[in-house]
Novice: 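Quick one: the structure is below, questions incoming.
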Amino acid sequence: MSAHTQKTKDFGAFTWTDICRPENDRLAEIAREHELDLFLVRDSLETGHLPKFERTPGYDFLILRAYTAGKDARTTNVNELSNKIAVFFNGRRVITIHRAEFGFLNSAAGPFADPQELVLHIVRHAIQTFAAPAEELATRIDRAEHELFVRESARISLRHLYYLKTEARICRKLLQLTQAAMTHVEAAPANRSALQDVHDQLVGQIMAFEEVAEDAGNLLNTFLSVNAQKNNDVIRLLTIFSVFFLPLTFIVGIYGMNFEFMPELKWPAGYLYSIGLMVAVSAVIFYWFKRKKIL
């Protein structure tokens with residue numbers, strides 16, 4: 001893991017300080033140096049903190065989460081799927097605090113006319129990190145549907161469908177929380193178009209993950225139904241066999257008893273009669289199944 005770094009960029013009208021991987025014992029010093037609320041600084045590094053927005057006397061405080069999991073990651077919790085960025089901003093300064101490395105922070109060179117423009121740039125790129133995962137999940141859903149309906153459903157893993165549904169649900173929830181937080185952000189007239197673009201981007205990503213989650217749920221239900229139908233077919237086949245063999249087993253059991261005096265025991269053609277009776281019983285059962293359209 002890389003050591004603590006702190007970089008400051010001067011854009012003329014304001015400055016941007018980016019703090020990456022600060023040590024826990026330095027949080028109080030960072031709060032004093034930048035005149036921040038210590039509890040909010042701790043929130044910015046707290047594990048599992050979800051997106052939110054707070055307004056304080058000195059700064060507006062925004063927590064974002066960006067997608068950082070690998071392409072084939074199978075995750076079931078927020079921390080494995082994403083990492084957060086804490087943003088403190090006012091009319092003169094922007095301060096970002098985070099543990100993970102984000103390429104869009106390193107590439108945010110500007111120029112930016114004011115702090116809001118930079119903040120909206122960070123928000124927009126944090127949301128864009130979810131675009132590729134949404135497309136990948138949709139592709140995996142399409143592939144699973146092809147396997148289920150065109151090939152053999154046994155090739156599909158129930159665990160695979162579960163991870164697809166869970167990842168889509170978590171991403172949708174994170175974006176919905178980000179959307180709720182962004183409703184409290186007020187933009188200057190020059191940045192209202194950029195803020196609206198962020199809202200539109202959030203709506204589009206939420207809808208994409210909603211569609212993936214819905215498709216994954218439907219596919220999961222279909223997979224279970226197909227397997228239940230296969231089990232029913234097996235049970236049905238075994239039931240048909242048992243119906244055929246039950247009366248035959250009864251006849252064989254009767255004539256297999258070791259009594260000396262039994263009817264038809266001394267008949268010369270008794271064996272052929274018993275075989276004929278079994279064939280007749282089987283024929284009657286078969287005719288009945290055909291008439292009832294069971295076979």
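This one's a predicted model, so the numbers in the text were calculated from it and none came from an experiment.
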Novice: Using ring pair (Phe, Tyr, Trp, His ring centres under 6.0 Å), reason through Tyr59 and Phe61 one step at a time and then give a plain yes or no.
Specialist: CA-CA 6 Å; Tyr59 287 87; Phe61 176 60; 9.8 Å; no
Novice: Once you round to the nearest 0.5 Å, how far does CG of Leu164 lie from CD of Glu136?
Specialist: 9.0 Å
Novice: How many angstroms lie between CZ in Arg21 and CZ in Arg99, if you round to the nearest 0.5 Å?
Specialist: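 CZ of Arg99 is found 9.5 Å from CZ of Arg21.
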Novice: Suppose we screen for side chain to side chain contact (heavy atoms under 4.5 Å, CB included). Which residues come up paired with Asp200, at least two apart in sequence or across chains?
Specialist: Gln196
Novice: Look up atom CG in Leu237 and atom CG in Asn232, then write down how far apart they are to the nearest 0.5 Å.
Specialist: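 Leu237 atom CG to Asn232 atom CG measures 12.5 Å (nearest 0.5 Å).
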Novice: Please lay out, stage by stage, how Trp16 and Asp18 fare under the test side-chain contact (heavy atoms from CB on, under 4.5 Å).
Specialist: CA-CA 6 Å; Trp16 172 27; Asp18 181 61; 4.1 Å; yes
Novice: Does the ring center of His121 lie less than 6.0 Å from the ring center of Phe112?
Specialist: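 Under 6.0 Å, so yes.
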Novice: Any side-chain heavy atom of Glu211 sitting closer than 4.5 Å to one from Ile141?
Specialist: no
Novice: After noting the C-alpha distance and the side-chain angles of Thr68 and Thr129, does the key distance pass the side-chain contact (heavy atoms from CB on, under 4.5 Å) rule?
Specialist: CA-CA 8 Å; Thr68 53; Thr129 60; over 6 Å; no
Novice: Got a salt bridge between Glu29 and Arg26, using NZ or NE/NH1/NH2 to carboxylate O under 4.0 Å?
Specialist: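 Arg26 and Glu29: salt-bridged.
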Novice: Between Arg93 and His34, do the side chains contain an N or O donor and an N or O acceptor separated by less than 3.5 Å?
Specialist: yes
Novice: How many angstroms lie between atom OG1 of Thr96 and atom CZ of Phe89, to the nearest 0.5 angstrom?
Specialist: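 Answer rounded to 0.5 Å: 12.5 Å.
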Novice: Hey, is the main chain of Val119 close enough, under 3.5 Å, to the side chain of Arg124 for a donor-acceptor pair?
Specialist: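 Such a contact is absent between Arg124 side chain and Val119 backbone.
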Novice: Any non-hydrogen side-chain atom of Asn83 less than 4.5 Å from a side-chain atom of His98?
Specialist: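 Side chain of Asn83 against side chain of His98, heavy atoms only: no contact under 4.5 Å found.
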Novice: Check whether Val203 and Leu174 end up in the same hydrophobic cluster, where Ile, Leu, Val, Met, Phe, Trp and Tyr are linked by side-chain heavy atoms less than 4.5 Å apart.
Specialist: no
Novice: Would you call Ile63 and Leu50 a side-chain contact if the rule is heavy atoms closer than 4.5 Å?
Specialist: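 Side-chain contact under 4.5 Å: no.
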Novice: Do Thr15 and Thr8 have side-chain N/O donor and acceptor atoms under 3.5 Å apart?
Specialist: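 Their side chains do not contain a donor-acceptor pair, so the 3.5 Å distance test is not met.
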Novice: Can you list everything that forms a ring-ring contact (aromatic ring centres under 6.0 Å, His included) with Phe250? Sequence neighbours excluded, please.
Specialist: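 Expected list: none.
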Novice: Could you tell me whether the side chain of Leu62 reaches within less than 4.5 Å of the side chain of Met182, counting heavy atoms only?
Specialist: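 In contact.
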Novice: With distance as the sole criterion, is a donor-acceptor pair present between the side chains of Gln116 and Asn191 under 3.5 Å?
Specialist: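 Yes.
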Novice: Can you see whether Asn90 engages Asp60 through a side-chain donor-acceptor pair at a distance of less than 3.5 angstrom?
Specialist: no
Novice: Is Glu186 close to Leu195 at the side-chain level, that is, under 4.5 Å between some pair of heavy atoms?
Specialist: no
Novice: Run the side-chain contact (heavy atoms from CB on, under 4.5 Å) check on Glu167 and Leu137 step by step: do they pass?
Specialist: CA-CA 9 Å; Glu167 184 173 340; Leu137 288 177; 4.0 Å; yes
Novice: Say whether, by atom type as modelled, one donor and one acceptor occur between the side chain of Arg65 and the main chain of His49 under 3.5 angstrom.
Specialist: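 Judged by distance alone, yes, a pair lies under 3.5 Å.
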Novice: Going only through I, L, V, M, F, W and Y residues with side-chain contacts under 4.5 Å, is there a path from Phe11 to Ile19?
Specialist: no
Novice: Could you tell me whether Gln6 atom CD has more than 12 heavy atoms of other residues or ligands within 6.0 Å of it?
Specialist: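 More than 12 heavy atoms, drawn from other residues, nucleotides or ligands, come within 6.0 Å of this atom.
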Novice: For Glu46, is there any backbone N or O sitting under 3.5 Å from a side-chain donor or acceptor partner on Lys84?
Specialist: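 Flag set: sc Lys84 to bb Glu46 pair under 3.5 Å.
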Novice: Set out, in order, the CA-CA distance, both residues' side-chain angles and the distance that settles side-chain contact (heavy atoms from CB on, under 4.5 Å) for Val94 and Thr17, then state yes or no.
Specialist: CA-CA 6 Å; Val94 175; Thr17 301; over 6 Å; no
Novice: Determine the minimum heavy-atom distance between Gln205 and Ala134, stating which atoms define it.
Specialist: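 What the structure gives for the nearest pair is OE1-CB, 4.2 Å.
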Novice: So, does Asp197 use its side chain to make a donor-acceptor pair with the main chain of Ser193 at under 3.5 Å?
Specialist: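 Not confirmed, Asp197 side chain does not pair with Ser193 backbone.
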Novice: Is there a path from Ile95 to Phe53 through hydrophobic residues (I, L, V, M, F, W, Y) whose side chains come within less than 4.5 Å of each other?
Specialist: no
Novice: Does a donor on one side chain sit under 3.5 Å from an acceptor on the other, for Gln128 and Tyr67?
Specialist: no
Novice: Examine Leu45 and Leu64 and state if one hydrophobic cluster contains both, with Ile, Leu, Val, Met, Phe, Trp and Tyr joined whenever side-chain heavy atoms are less than 4.5 Å apart.
Specialist: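 No.
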Novice: Do other residues, nucleotides or ligands put more than 12 heavy atoms under 6.0 Å from Lys173 NZ?
Specialist: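 For Lys173, atom NZ is not crowded (no more than 12 foreign heavy atoms under 6.0 Å).
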Novice: Taking the ring of Phe244 and the ring of Phe241, is the distance between their centroids below 6.0 Å?
Specialist: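 No; Phe244 has its ring centre 6.0 Å or more from that of Phe241.
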Novice: Could you measure the distance from the NZ atom of Lys52 to the CG atom of Leu40? Nearest 0.5 Å is fine.
Specialist: 6.0 Å
Novice: Are Ile85 and Val87 close enough that some pair of their side-chain heavy atoms sits under 4.5 Å apart?
Specialist: yes
Novice: Using a 4.5 Å cut-off on heavy atoms from C-beta on, say whether the side chain of Cys20 contacts that of Glu101.
Specialist: yes
Novice: List the atom of Leu175, the atom of Leu202, and the distance in Å for their closest heavy-atom pair.
Specialist: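 The answer is O-CD2, 3.8 Å.
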Novice: Could you check whether any side-chain N or O of Thr166 sits under 3.5 Å from a backbone N or O of Tyr163, counting only pairs where one atom can act as donor and the other as acceptor?
Specialist: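 Pair absent, no side-chain N/O of Thr166 close to backbone of Tyr163.
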Novice: Is Ile240 reachable from Ile235 through a run of I, L, V, M, F, W or Y residues, each pair having side-chain heavy atoms under 4.5 Å apart?
Specialist: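 No, separate clusters.
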Novice: To check you understand the geometry: which heavy-atom pair defines the closest contact between Phe130 and Ala66, and what is its length?
Specialist: CE1-CA, 4.1 Å
Novice: Measuring from Leu36:CG to Thr56:OG1, what's the distance to the nearest 0.5 Å?
Specialist: 8.5 Å
Novice: Do Phe88 and Val41 have side-chain heavy atoms sitting under 4.5 Å apart?
Specialist: yes
